[in-house]
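Some notes on the structure that comes next.
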Protein chains: 2
Amino acid sequence: MKVSEASQLTGVSTDTIRYYEKEGLIPIIDRNDSGNREIDERIIRRITFAKHMRSAGMSIKALKQYVDLVDDTEDNTAKQKAILREQVADMEERRDDIQFAINHLNYKLEHYDDHMKEAENELRELENK
Amino acid sequence: MKVSEASQLTGVSTDTIRYYEKEGLIPIIDRNDSGNREIDERIIRRITFAKHMRSAGMSIKALKQYVDLVDDTEDNTAKQKAILREQVADMEERRDDIQFAINHLNYKLEHYDDHMKEAENELRELENK
DNA sequence: TGTTGACTTAGAGTGTGCTCTAAGTAATAT
DNA sequence: ATATTACTTAGAGCACACTCTAAGTCAACA
């Protein structure tokens, strides 16, 4: 699979795929005889995973640390584990903030709907006079 | 309350408080005779709210739109409502991504703990020989 | 055979959201 | 009186995460 197809499939731009490879968020991708990237299912999964993590608010740097840990490319010290725990704690806080925000906006939307309905009813009454 | 105290209380830097005021994310703050900001409980709540929304991944622009809508400083059109609904949908997606990421990291941490325990047990056995 | 189009690279440019700087004012302490 | 400290402003600078540009290579089709 070419990089453009991988982009289509994952919703991550070709530039960003190349950038993630350079930054080590995904593995180095094999090249064909012409020097072009040949992307397989494993890389697709890694791109999608990176996309999820970035969308969840994980920084490039934090994601790199995580990837290095899981890929066993660096030593797995207790310090690395502590970094991971911190990241989980950050995410839990962010998740709670998001839920708060969703609840808040939904409440306001319902409220707003009420206003709309009132306005619509007023209009209807005027029309039926 | 001075801006530095508000910063301490909310965990938002003085620079950022001034920036949020300039951008209209919080109301214009009253000044005292010296021209310094006099921050009250209402402003504190607004700063905290902005902090929550930002932490939830809402952009400055989107937050401004929302604030304008709720503050009734602009006309409340159905278009504005649609914008809000989009923001809620975005946040729900982001929340799900975060939960996915948390689950993933927690699983890896448990796995990692197993490795640690094995290593510890091996050490203990060696010591008890 | 030439030109179209997708790929490659290194590196420059961009938008967002702060964060810092410089220059100035005002209140307080010595 | 003067020094310190916290505030003010406009605007410059910065980190992050892309995103675009330029210059070049390669395969395929007219």
[X] [atom1] - [N] [atom2] separation (whole Å):
X       : N      : atom1 : atom2 : value
A:Gln8  : C:dC7  : CD    : P     : 10 Å
B:Ile17 : C:dC18 : CD1   : P     : 12 Å
B:Lys22 : C:dC20 : NZ    : P     : 15 Å
B:Asn32 : C:dA27 : CG    : P     : 8 Å
B:Met53 : C:dG17 : CE    : C1'   : 18 Å
B:Arg18 : C:dC20 : CZ    : P     : 12 Å
B:Leu63 : C:dC18 : CG    : P     : 10 Å
B:Lys2  : C:dA26 : NZ    : P     : 16 Å

TODO: Would you please classify the geometry between the A:Tyr66 ring and the B:His104 ring as parallel, tilted or perpendicular, with 30° and 60° separating the classes?
DONE: perpendicular
Describe the nucleic acid contact of [X] in one word from base, sugar-phosphate, nothing, applying a heavy-atom distance below 4.0 Å.
X       : value
B:Ser4  : sugar-phosphate
A:Thr14 : nothing
B:Asp15 : base
A:Arg31 : sugar-phosphate

Open item on the list: Measuring to OP1 and OP2 of C:dC18, would you say a side-chain N or O of B:Tyr20 lies under 4.0 angstrom away?
Closed with: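 So the side chain of B:Tyr20 is within the cut-off, an N or O lying under 4.0 Å from OP1 or OP2 of C:dC18.
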TODO: Return the 5'-most residue of the pair A:Asp33, A:Leu25 with respect to DNA chain D, ranking by each residue's nearest nucleotide.
DONE: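 So the residue in question is A:Leu25.
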- [ ] With sequence neighbours left out, write down each residue that passes salt bridge (Lys or Arg N to Asp or Glu O under 4.0 Å) with A:Arg31, or none if nothing qualifies.
- [x] A:Glu21
Open item on the list: Has A:Thr48 got a side-chain atom pairing as donor or acceptor with A:Ile44's backbone, closer than 3.5 angstrom?
Closed with: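 Here the side-chain-to-backbone pair exists.
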Task: Near-strand residues of residues 39-46 of chain A, defined as heavy-atom separation under 4.0 angstrom from DNA chain D - done: none
[atom1] of [X]: more than 12 outside heavy atoms within 6.0 angstrom?
X       : atom1 : answer
B:Glu93 : CD    : no
B:Asp30 : CG    : no
B:Asp33 : CG    : no
A:Glu5  : CD    : yes
A:Glu92 : CD    : yes

Task: Opening and closing nucleotides of DNA chain D in contact with chain B, under 4.0 Å to non-hydrogen atoms - done: D:dC7 to D:dT9
- [ ] Ignoring hydrogens and angles, state whether a donor on the side chain of B:Asn106 or B:Glu110 is under 3.5 Å from an acceptor on the partner side chain.
- [x]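 Absent: no donor and acceptor within the cut-off.
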